[in-house]
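All residue numbers in this chain count up from 1 along the given sequence. Nothing here was measured: the structure is a model prediction, and the numbers come from that model.
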Amino acid sequence: MKRRQLLQLSLTPLAGGLLLEAQAQTDAAFSPSALIRIESNGRITLTAKNPDMGQGVKTSLLMLLAEELDVGLDQVTVKDTHWDARLLDAWSGGSRSIPNAWEPLRRAGAVARWLLLQAAAQRWQVEANTLRTARGEVTHPPSKRSARYGELAADAARLPLPDPARLRLRPRSEFKLIGQAVPQLDAAAIAHGKPLFTIDQRLPGQRVAVLEKAPVFGAQPLSANLDAVRKLPGVVDAFLLPGVEQAHHKSLPSRRGTGFEGGVAIVATNTWAALKAQRALKVQWSTTDFDGASSAAWDQEAQRLMDAAQGQERWRDDGDVEAAWKACAQRIDVRYAFPLLSHTTLEPHGCSLATWGPRSRRKSCSGRIRSPPSITR
């Protein structure tokens, strides 16, 4: 690799978030992005940096890349990755995976396609604008020459990187894949119960833990029948896990990222033993401001506040509302309310953790985490 190319690869961010890997390109592979790899045998690999928890994001990320790279969905292998700080927002939550990847991943595909076109143009000594691409192949219609992406990978790897922001992305009118109904990549594996998710992992020496959470926001575990639970078959340990005070106020800047509610952890040799022990658990919880909270109580309080504020406070004052009331043919007064809803999933949450530190049973089981290599989706 030339010094100039090394600096380009090291210092140039790709489309606002997909960092380039400063690695030497070889004749075996072309990797213009940390997430894309095209090998000389034609194999194309996309690294899905956002965990797929069954919502299908891995399929959607593939569609973004394939749209701009101009390949078929069946021509790309999608693999999961371990956590890597270089991948920035490599998380799933709030339905943000696709909005965050919408332009960066498409531009990454556009960069790869542009470099492959330049490689073909140099090889055939033609203008790049006379070339076409389709399903992983570059063609030159006037001379009827063609080359697969894999055949051009080594040449493309030696070219300087373009400015991603200057490349044209396909407009919606030219989309071939985005917006189409596509089966999830893992649909068959999910239907057959294949071990795809972290809750399915089986590691050497693995223990299973369950966490009894507080029934009310902000409650702390004061005591529990831990001695009795530890004596149950298969139980390794049981202990209190104090949470962060006012953990439910996650929006406060001073508490951002520390919203852990208190609970009691039970560690066992297998899932059945852990769940059975959880049923025998008896916990005394602290009181909080949310004791007695219910949909009915909050609905009554909302009505009281609305009655008290009638005619006293306005958040918006657009137009002449009173004149509009007098001019309307019919006036309809409606009050809308919704109940308290539990923001939880139908399936049980699960994660796989790799631990480190002193060989203390409690310290390792309670989550002294280095990095969780088995958390892939």
Side-chain angles (χ1 to χ4, degrees), residues 13-21 23 29-39 42-113 136 149 153 164 169-170 175-192 194-201 345 347 349-354 371-377:
L14 179 52
L18 302 184
L19 300 184
L20 298 172
E21 287 186 334
Q23 62 180 23
F30 164 48
S31 184
S33 161
L35 304 181
I36 307 171
R37 181 180 176 87
I38 302 176
E39 300 182 39
R43 183 182 297 121
I44 304 174
T45 303
L46 165 66
T47 297
K49 69 187 184 74
N50 299 104
D52 193 327
M53 301 175 292
Q55 79 276 36
V57 65
K58 190 166 68 172
T59 306
S60 301
L61 293 172
L62 167 59
M63 295 172 71
L64 297 182
L65 171 67
E67 188 71 78
E68 298 296 337
L69 188 55
D70 210 358
V71 295
L73 299 180
D74 59 324
Q75 295 179 290
V76 183
T77 299
V78 185
K79 72 172 186 177
D80 299 302
T81 184
H82 302 320
W83 182 85
D84 189 327
R86 296 175 300 170
L87 300 181
L88 300 181
D89 55 341
W91 49 271
S92 285
S95 300
R96 297 304 305 165
S97 297
I98 300 308
N100 289 343
W102 173 257
E103 184 169 332
L105 190 52
R106 290 174 61 205
R107 289 204 179 278
V111 166
R113 178 176 174 272
Y149 283 179
L169 297 180
R170 281 184 173 175
F175 283 172
K176 300 178 181 179
L177 299 172
I178 296 176
Q180 300 300 313
V182 176
Q184 284 197 33
L185 296 181
D186 293 330
I190 292 174
H192 287 85
K194 296 293 180 63
L196 297 176
F197 305 104
T198 55
I199 203 170
D200 302 317
Q201 301 301 311
T345 57
E347 75 280 3
H349 284 181
C351 67
S352 299
L353 306 178
S371 65
S374 61
I375 295 183
T376 54
R377 302 183 222 183

Exercise: identify the closest heavy-atom pair between Thr81 and Lys49: CG2-CA, 3.9 Å
Measure the CD-CG distance between Glu68 and Leu169 for me, rounded to the nearest 0.5 Å. 4.5 Å
Listed by chain and number, what are the side chain to side chain contact (heavy atoms under 4.5 Å, CB included) partners of Ser60, not counting sequence neighbours? Ile98
Would you mind reporting whether Val76 and Thr45 have side-chain heavy atoms less than 4.5 Å apart? no
Between the CZ atom in Phe175 and the CD atom in Gln180, the distance rounded to the nearest 0.5 Å is 11.0 Å
Judged by atom type as modelled, is there a donor-acceptor pair below 3.5 Å linking the side chain of Asn50 to the main-chain atoms of Trp91? yes
Over 12 foreign heavy atoms within 6.0 Å of CZ, Arg43: no
Quick one: does any side-chain atom of Asp200 pair with a main-chain N or O of Phe197 as donor and acceptor, under 3.5 Å? yes
Contacts of Leu177 meeting side chain to side chain contact (heavy atoms under 4.5 Å, CB included) (sequence neighbours excluded), chain-then-number -> Ala66, Glu67, Leu73
Give me the atom names and distance for the closest heavy-atom approach of Ala112 to Phe30. O-CE2, 3.9 Å
Lys58 and Asp80: side-chain contact (heavy atoms from CB on, under 4.5 Å), yes or no, with the steps? CA-CA 9 Å; Lys58 190 166 68 172; Asp80 299 302; 3.9 Å; yes
Could you tell me the separation between the CD1 atom of Ile44 and the CZ atom of Arg37, rounded to the nearest 0.5 Å? 12.5 Å
Applying side chain to side chain contact (heavy atoms under 4.5 Å, CB included), name anything that partners Gln55, two or more places apart in sequence or on another chain. Asp52, Met53, Val57, Ser92
Once you round to the nearest 0.5 Å, how far does CG of Leu61 lie from CH2 of Trp102? 12.0 Å
Of the non-hydrogen atoms in Ala48 and Val78, which two are nearest, and what is the gap between them? CB-CG1, 3.8 Å
Just verifying a value: how many Å separate Thr47 OG1 and Leu35 CG, rounded to the nearest 0.5 Å? 6.0 Å
From CG (Leu46) to NZ (Lys79), nearest 0.5 Å: 10.0 Å
Go through the steps for Leu65 and Arg106 under the test side-chain contact (heavy atoms from CB on, under 4.5 Å), then give the verdict. CA-CA 5 Å; Leu65 171 67; Arg106 290 174 61 205; over 6 Å; no
Listed by chain and number, what are the side chain to side chain contact (heavy atoms under 4.5 Å, CB included) partners of Ala189, not counting sequence neighbours? Lys194, Leu196
Partner set under salt bridge (charged side-chain N to carboxylate O under 4.0 Å, His left out) for Lys176, not counting sequence neighbours: Asp70
What are the two closest non-hydrogen atoms of Pro32 and Val111, and how far apart are they? CB-CG1, 4.4 Å
